[in-house]
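Read through the structure below, which is laid out as structure tokens, and then see the notes.
FYI, side chains are in, hydrogens and waters are out, and symmetry mates aren't considered; it's all heavy atoms of this structure. Just so it is clear: chains get the letters A, B, ... in the order the sequence lines come, proteins before strands, and each one is counted from 1.
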Number of protein chains: 2
Amino acid sequence: MNHSRPRTRIQARNQDTILGAALEVFSAQGFRGATLDQIAEVAGLSKPNLLYYFPSKEAIHARLLTGLLDTWLDPLRALDPAGEPLGEMLAYVRRKLDLARDYPRESRLFANEILQGAPRMRAAIEGDLKRLVDAKCALIAGWMEAGRLARSDPHHLIFSIWALTQHYADFDMQVRAVLGPARDPLAEAGPFLDTLFRRMLAPQAPGRSGS
Amino acid sequence: MNHSRPRTRIQARNQDTILGAALEVFSAQGFRGATLDQIAEVAGLSKPNLLYYFPSKEAIHARLLTGLLDTWLDPLRALDPAGEPLGEMLAYVRRKLDLARDYPRESRLFANEILQGAPRMRAAIEGDLKRLVDAKCALIAGWMEAGRLARSDPHHLIFSIWALTQHYADFDMQVRAVLGPARDPLAEAGPFLDTLFRRMLAPQAPGRSGS
DNA sequence: GGCGGATTTGACCGGACGATCAGGACCACG
DNA sequence: CGTGGTCCTGATCGTCCGGTCAAATCCGCC
């Protein structure tokens, strides 16, 4: 009965299958819009079988969310105080954009949750997330103080990185519709964001400019 | 029976009331998550009365969406070919941010719709929106060609403006949680975005730099 | 004040959905 | 080959929800 520690091989396989299907459906339809029947359909299992492995729809959703935040914050954690400031920031943008490209469903699941006011993540956001962001903002502020990055508000700087990278996952449909079928949004976003944050963050003195 | 052209005073009042309540509920819960009972509750009307003024839940939602796109695109339309390029772009950012501040529910309604793949707006996005964006991108490209704006991809530039401004409405909960209760996200966003786009867009040659 | 359409509502319908349960199939192990 | 636990499912329950309807109420107008 212990669902958090799969014991048998079948349990491990089916729980993974269910979580995968649930991610697919929840990210596309939102919590309320998703139904157990759809998830069961995608998973190739019967609805009662889903509820054999998870106690409720809510529980499946909760499991997805808790697994999510860590993955989502890893790139920020990797910001290295010992590194070269501009390079570190651009690498962070790069990693965040890679996440948006490789895990768009996770991004949309997260976006759905925040949009609804984060009823099931509030604690994590006000706790772990805020602490980590505050710490990294202090680091960034230090870099700016030392003249190694152009000055701006570190918190809003981080928001801007989140907004710009996640936009390509969350608003994928709009981006593709506007760009047309011939262009690859995620491929173009890399150089664009590199340029943007280079201009935003490069210290004032030197005369470098990326084309 | 003609609901699109309210004739009596009562019709006008109640339709407005319903649309206001529906905006409140749809933007907070998404289409599937919202119920007619909730909307009726907020509107202070009975559920059957809602359906006296609108033929279905779908119809209420559709009406909100069609009214939305125009408002949402007005700031972009106002981009003036005869104006000073950098000033025009910064004014556009400002207007878009004002929209996010004054109409966060509309922004979230829109975000919800796009997140789900825009099942009810696809046509408008691939039509009107794409055309307008393409036209304005040509204008911006011209400015860049003339050396009056720093070079970058105009489409992605517009995406970045959308992403950065709407982020403050759509992810409001997260932004506030991270900044803490003492700070005003929308007030700080103005100067921040002004700085960001100034650095991003200011032409290379001249020696002006905003503080 | 009373007539006719506009407005409002309580009661209800049918389908969808999350969840339960009893029982059957499967499988590891002796 | 039997036994006990794991795994799976058809049938079903109770609730919610969008939508309908007949009847009551309201309101402008003569």
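- Look at B/Arg13 and you won't find any side-chain N or O under 4.0 angstrom from OP1 or OP2 of C/dA6.
- Proximity of A/Arg9 to the phosphate of C/dA28: no side-chain N or O atom is located under 4.0 Å from OP1 or OP2.
- Close to C/dT8, at under 4.0 Å from its OP1 or OP2, lies a side-chain N or O of B/Asn14.
- Along DNA chain D, the nucleotide closest to A/Leu50 and the one closest to B/Arg32 are compared, and the more 5′ of them pairs with A/Leu50.
- Here A/Gln11 reaches the OP1 or OP2 of D/dC7: one of its side-chain N or O atoms lies under 4.0 Å away.
- At least one side-chain nitrogen or oxygen of B/Asn49 sits closer than 4.0 Å to the OP1 or OP2 atom of C/dT9.
- Annotation: cation-pi geometry satisfied between A/Lys57 and A/Phe31 (NZ/CZ under 6.0 angstrom from ring centroid, within 45° of ring axis).
- Residue whose closest nucleotide on DNA chain C sits further toward the 5' end, between B/Pro48 and B/Ile10: B/Ile10.
- A distance of 4.5 Å separates CZ of B/Arg63 from CZ of B/Phe54, quoted to the nearest 0.5 Å.
- Judged by distance alone, with hydrogens and angles left aside, B/Lys57 brings no side-chain donor or acceptor close enough to the base of D/dG19 to form a pair under 3.5 Å.
- Side-chain N/O atoms of B/Tyr52 include one lying less than 4.0 angstrom from OP1 or OP2 on C/dT7.
- With respect to B/Arg108 and B/Asp170, no salt bridge is recorded, no charged nitrogen being found less than 4.0 Å from a carboxylate O.
- Counting any heavy atom pair closer than 4.0 Å across all strands shown, A/Ala34 reaches sugar-phosphate atoms only and no base atom.
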